[in-house]
Amino acid sequence: ESIRALRHRNFRILYPASVLSHTGTWAQRIAQDWLVLELTQSPLALGIVTALQFAPTLFFSTVGGVLADRFDKRKLLFISNAASGMIALLLGILVLSGSVEIWHVYALAFGLGIFSALDAPIRQTFTSELVPVDDVPNAISLNSINFNIGRLIGPGVSGILIAAFGTGPSFLINAFSYLTMLFALGSIRSKDLNIEPKPKDKVKLKASIEYLGTRQDLQLIILLVFMAATFGMNYQIFNALMATDVFKMGPTEFGGLGTFLALGSLTGAMLSSRLERFRTPKYIAAGMTLFGLSLAALSISPNYGIYSLLLPIGGLMAIMSFIAANTYVQTTTEPAVRGRVIGIYMMVMMGGTPIGSPLIGWVSEVFGIRLAILGCGLITALVSVSVLLF
């Protein structure tokens with residue numbers, strides 16, 4: 001029952017390819033962060049590259065939502081995955097040839113961000129075409145397990161590769177993972193897709209904004225997701241700076257932190273597939289509150305061991321809350337505007353990162369990373385409590 005979405009052929013074909021793709025993505029993220037620190041030794045530069053990678057979300061997620069409601073999602077995903085794979089390949093070649101400079105990393109992170117922003121709402125809403133409507137909540141949970149398997153494996157593999165060969169191979173692994181996605185997308189049977197009729201009129205973003213204006217429940221969910229994602233979900237920066245500046249560790253230990261985090265996230269995703277009845281605004285707000293408090297606890301970790309043990313708790317609370325929010329938005333939104341609403345949701349979820357990342361980088365440089373993590377945790381918890389009380 002907890003894996004019932006895998007009964008459907010198209011979902012089953014795409015699933016293992018997605019595991020490889022997410023593994024490659026996380027391997028690249030760890031390698032990219034380590035590469036930036038190697039080139040600059042600057043927390044601010046780390047914040048800038050993260051901001052550049054997520055800045056396109058502000059402008060292109062809603063475009064992706066409009067495209068999802070108007071065109072063939074499989075063809076759109078083919079384009080976005082091919083382009084992302086080429087960017088990863090180029091960065092890998094630059095690193096291995098010894099010619100990489102920080103501006104290359106900035107430019108390619110921005111390029112990858114554009115295609116990721118377009119891809120996200122298309123990929124999210126494609127789930128409802130792969131399985132029948134009753135199995136969509138289960139498919140969303142399984143996709144999150146999928147994402148976190150990649151998150152579990154990718155950082156550890158990348159840390160080992162960086163220690164042995166430098167950052168270059170991690171980018172090449174990511175490029176190869178996109179190739180497997182292209183093969184899987186090509187193997188999907190079109191006749192088995194549950195495709196809603198496409199509108200004949202021009203698809204406008206305004207209609208989805210007007211729709212959200214009538215849904216106070218979705219407005220509160222989107223507010224929660226914005227605050228938790230902007231201030232709470234900055235583990236890339238938190239882990240990089242705690243590992244290097246505070247605990248004085250190397251790339252293997254840094255990659256290990258990503259694996260510890262993923263253990264909690266994977267556990268949360270697996271639990272979530274069995275707790276579909278808890279995907280309501282009240283439980284989402286409660287989960288986000290606990291997530292914020294877990295970050296506050298993380299900020300006072302006395303050593304690497306305690307920090308590693310606390311990471312899975314935050315990962316578990318965060319992933320259960322985000323799965324619940326995603327499922328609630330997807331399953332309670334009208335199909336005719338679902339792509340555009342998810343585009344807005346993804347813009348809000350990821351679009352705060354360009355604001356939060358440089359700010360966290362600056363606070364870390366001036367006041368220290370511990371104070372930055374504490375502030376982010378308290379902001380997330382206070383907003384969530386306010387929504388819960390409201």
(request) Measure across Ile162 and Ser170 and return the closest heavy-atom pair with its distance rounded to 0.1 Å. (result) CG1-OG, 4.5 Å
(request) For Tyr106, look at atom OH and say whether over 12 heavy atoms of other residues, nucleotides or ligands are found less than 6.0 Å away. (result) yes
(request) Determine yes or no for a side-chain-to-main-chain donor-acceptor pair under 3.5 angstrom, with Ser116 supplying the side chain and Gly113 the backbone. (result) no
(request) Report the distance from atom CG of Leu223 to atom CG of Leu218, rounding to the nearest 0.5 Å. (result) 12.5 Å
(request) Give a yes or no on whether the backbone of Ala240 and the side-chain of Thr244 come within a donor-acceptor separation of less than 3.5 Å. (result) yes
(request) Indicate yes or no for a side-chain donor-acceptor contact from Lys73 to the backbone of Ala68 under 3.5 Å, with no hydrogens or angles considered. (result) yes
(message) To the nearest 0.5 Å, what is the distance between CG on Leu118 and CZ on Arg123?
(response) 11.5 Å
(message) For a side-chain contact (heavy atoms from CB on, under 4.5 Å) check, start with the C-alpha distance between Leu96 and Leu172, then their side-chain angles and the critical distance, and finish with the verdict.
(response) CA-CA 10 Å; Leu96 290 172; Leu172 298 184; 3.4 Å; yes
(request) Establish, from distance only, whether the side-chain atoms of Asp135 and His8 form a donor-acceptor pair under 3.5 Å. (result) yes
(message) As a quick check of understanding, evaluate side-chain contact (heavy atoms from CB on, under 4.5 Å) for Asn303 and Ile306, giving each step before the final call.
(response) CA-CA 6 Å; Asn303 54 51; Ile306 299 297; 3.2 Å; yes
(request) Step through the shown structure and confirm whether more than 12 heavy atoms of other residues, nucleotides or ligands are within 6.0 Å of CE on Met86. (result) no
(request) Starting from the C-alpha separation in whole Å, work towards a yes-or-no answer on side-chain contact (heavy atoms from CB on, under 4.5 Å) for Ile313 and Leu310. (result) CA-CA 6 Å; Ile313 299 170; Leu310 287 174; 4.1 Å; yes
(request) Report yes or no: do Leu271 and Ile319 belong to one cluster of Ile/Leu/Val/Met/Phe/Trp/Tyr joined by side chain heavy-atom distances under 4.5 Å? (result) yes
(request) Mind telling me whether Tyr15 and Phe11 have parallel, tilted or perpendicular rings, with 30° and 60° as the class edges? (result) tilted
(message) Determine whether Ser84 and Asp119 satisfy the following criterion, side-chain hydrogen bond (donor to acceptor under 3.5 Å, both in side chains), listing intermediate values before the conclusion.
(response) CA-CA 10 Å; Ser84 298; Asp119 177 273; over 6 Å; no
(message) Would you say Met249 ends up clustered with Leu35 if hydrophobic residues are merged whenever their side chains have heavy atoms under 4.5 Å apart, either directly or through other cluster members?
(response) yes
(request) Ignoring hydrogens and angles, tell me if any N or O in the side chain of Ser364 forms a donor-acceptor pair with the backbone of Ile360 under 3.5 Å. (result) yes
(message) Would you call the rings of Tyr235 and Phe291 parallel, tilted or perpendicular, taking 30° and 60° as the class edges?
(response) tilted
(message) Less than 4.5 Å apart, side chain to side chain, heavy atoms only: is that true for Glu334 and Tyr211?
(response) yes
(request) Check whether more than 12 heavy atoms from other residues, nucleotides or ligands sit under 6.0 Å from atom OH of Tyr283, and answer yes or no. (result) no
(request) Indicate the atoms forming the closest heavy-atom contact of Pro137 with Asp134, along with that distance. (result) CD-O, 3.7 Å
(message) Check for me, please, whether Leu293 and Leu224 land in the same ILVMFWY cluster - side-chain distances under 4.5 Å, paths through other members count.
(response) no
(message) Between Glu365 and Gly361 (side chain of the first, backbone of the second, donor and acceptor by atom type, cut-off under 3.5 Å), is there such a pair?
(response) no
(request) Measure the shortest side-chain to side-chain distance between Leu311 and Asn239 over non-hydrogen atoms and say whether it is less than 4.5 angstrom. (result) yes
(request) Taking all heavy atoms of Gln32 and all of Ala109, pick out the closest pair and write down the distance. (result) OE1-CB, 4.0 Å
(message) Could you measure the distance from the CD atom of Gln330 to the CZ atom of Arg338? Nearest 0.5 Å is fine.
(response) 6.5 Å
(request) Check for a donor-acceptor pair, side chain of Arg12 on one end and backbone N or O of Leu6 on the other, with a separation under 3.5 Å. (result) yes
(message) Show the nearest heavy-atom pair for residues Thr127 and Ala139, with the distance to one decimal.
(response) CG2-CB, 3.5 Å
(request) Using the rule that two of Ile, Leu, Val, Met, Phe, Trp, Tyr join whenever any of their side-chain heavy atoms come within less than 4.5 Å, decide whether Val136 and Leu193 are in one cluster. (result) yes
(request) Can you see which heavy atom on Gly24 is nearest to which on Asn174, and at what distance? (result) C-OD1, 3.0 Å
(message) Would you say Phe165 ends up clustered with Leu39 if hydrophobic residues are merged whenever their side chains have heavy atoms under 4.5 Å apart, either directly or through other cluster members?
(response) yes
(request) Please examine the side chains of Leu371 and Ser299, heavy atoms only from C-beta on, and report whether any two atoms are closer than 4.5 Å. (result) no
(request) Please round to the nearest 0.5 Å and tell me the distance separating atom CG of Leu316 and atom OG of Ser294. (result) 9.5 Å
(request) May I ask you to test the Met181-Leu20 pair for a side-chain heavy-atom distance under 4.5 Å? (result) no
(request) For atom CD of Gln216, decide whether the heavy atoms of other residues, nucleotides or ligands shown that lie under 6.0 angstrom number more than 12. (result) no
(message) Has Thr289 got a side-chain atom pairing as donor or acceptor with Ala285's backbone, closer than 3.5 angstrom?
(response) yes
(message) Treating Asn81 as the side-chain partner and Leu77 as the backbone partner, does any N or O pair qualify as donor plus acceptor under 3.5 Å?
(response) yes
(request) Answer yes or no: is there a side-chain heavy-atom contact under 4.5 Å between Thr380 and Met227? (result) no
(request) State, with a plain yes or no, whether a side-chain heavy atom of Arg74 is found less than 4.5 Å away from one of Glu129. (result) no
(request) Evaluate the side-chain proximity of Leu91 to Gln28: yes if any heavy-atom separation is below 4.5 Å, no if none is. (result) yes
(request) Begin from the C-alpha positions of Phe238 and Tyr307 and carry the test side-chain contact (heavy atoms from CB on, under 4.5 Å) through to its verdict. (result) CA-CA 11 Å; Phe238 299 158; Tyr307 185 89; 3.8 Å; yes
(request) With the side chain counted from C-beta on, respond yes when Asn146 and His22 share a heavy-atom pair under 4.5 Å apart, and no when they do not. (result) yes
(request) State whether Arg215 and Asp217 are salt-bridged, where the test is any N-O pair (Lys NZ or Arg NE/NH1/NH2 against Asp/Glu carboxylate O) under 4.0 Å. (result) yes
(request) Quick one: pull up CD1 in Ile369 and CG in Leu374 and give me the separation to the nearest 0.5 Å. (result) 11.0 Å
(request) Give, for atom CG of Asn326 and atom CD of Gln124, the distance between the pair rounded to the nearest 0.5 Å. (result) 4.5 Å
(message) Treating Asn138 as the side-chain partner and Ala5 as the backbone partner, does any N or O pair qualify as donor plus acceptor under 3.5 Å?
(response) yes
